[in-house]
Amino acid sequence: GATDQLLDLLAQKCRPDLIVPIYACSTGSSGRNEEGGEGGFADYIRDGLCQRGITNCRVDGHTEVADAMACPHVRRFEGGGSASGGEGGQWLVDPNSDIFQAWRQALRDTNMKYRYPMMRPSAIRAELIVAQYAE
């Protein structure tokens, strides 16, 4: 289908460390309550890129229906060098963590919504912790 054609094109044109932020509702969820969004759209994109040689890709997808630019429920699906992909994704900031409210506020009130796809989770956490102490 069209998604597979897009993945083929990306594999022809992109480096193995491609970053794909998907600013759209529910792409980081499977719709079947699978652990970590396994079987969802972002998972499919990551797996498809890995199978086409884009093995160090990162795909970010939101798990809820909300303002996609400010939605804090984001999972990252990393290729991790695998030729087949992986099983689901990980929260960029766990909704149960002590910095989740700072994450929600940063996405709403700062340019973090544009920067986080390029950031590692550890850098996101560090910036949010600093922001909490600055208040």
For N111, side chain to side chain contact (heavy atoms under 4.5 Å, CB included) partners two or more places apart: Y114, R115
Ionic contact status for R75 with E38, cut-off 4.0 Å: no
Any donor-acceptor N/O pair, N56 side chain to P16 backbone, under 3.5 Å: no
E78 and its salt bridge (Lys or Arg N to Asp or Glu O under 4.0 Å) partner, picked from R120, R58, R46: R120
Close side-chain approach of S29 to E64, heavy-atom, < 4.5 Å: no
Side chain to side chain, I99 and V93, heavy atoms closer than 4.5 Å: yes
M112 reachable from I129 in the ILVMFWY side-chain graph, under 4.5 Å edges: yes
A42 to G28 - nearest heavy-atom pair and separation: CB-CA, 4.3 Å
hydrophobic_cluster_shared for M69 and F100, side chain cutoff 4.5 Å: yes
Distance-minimising heavy-atom pair for C50 and S84: CB-C, 4.0 Å
Derivation of the side chain to side chain contact (heavy atoms under 4.5 Å, CB included) call for S26 and V65: CA-CA 6 Å; S26 303; V65 176; 3.6 Å; yes
Connected via hydrophobic side-chain network under 4.5 Å: W103 and M119: yes
Side-chain cluster (under 4.5 Å, hydrophobic types only) that L18 belongs to, other residues: L6, L7, L10, V20, I22, F41, Y44, I45, L49, I54, V59, F77
Residue pairs involving residues 89-98 (criterion side chain to side chain donor-acceptor pair (under 3.5 Å); sequence neighbours excluded): none
Donor-acceptor pair, side chain of H62 and main chain of C25, under 3.5 angstrom: no
Full working for salt bridge (charged side-chain N to carboxylate O under 4.0 Å, His left out) between R52 and D4: CA-CA 10 Å; R52 290 165 174 82; D4 288 320; 3.5 Å; yes
K113 side-chain N/O to L107 backbone N/O, donor-acceptor pair under 3.5 Å: yes
Interatomic spacing from CZ in R15 to SG in C57 - rounded to 0.5 Å: 13.0 Å
Sub-4.5 Å side-chain heavy-atom contact between R104 and H73: yes
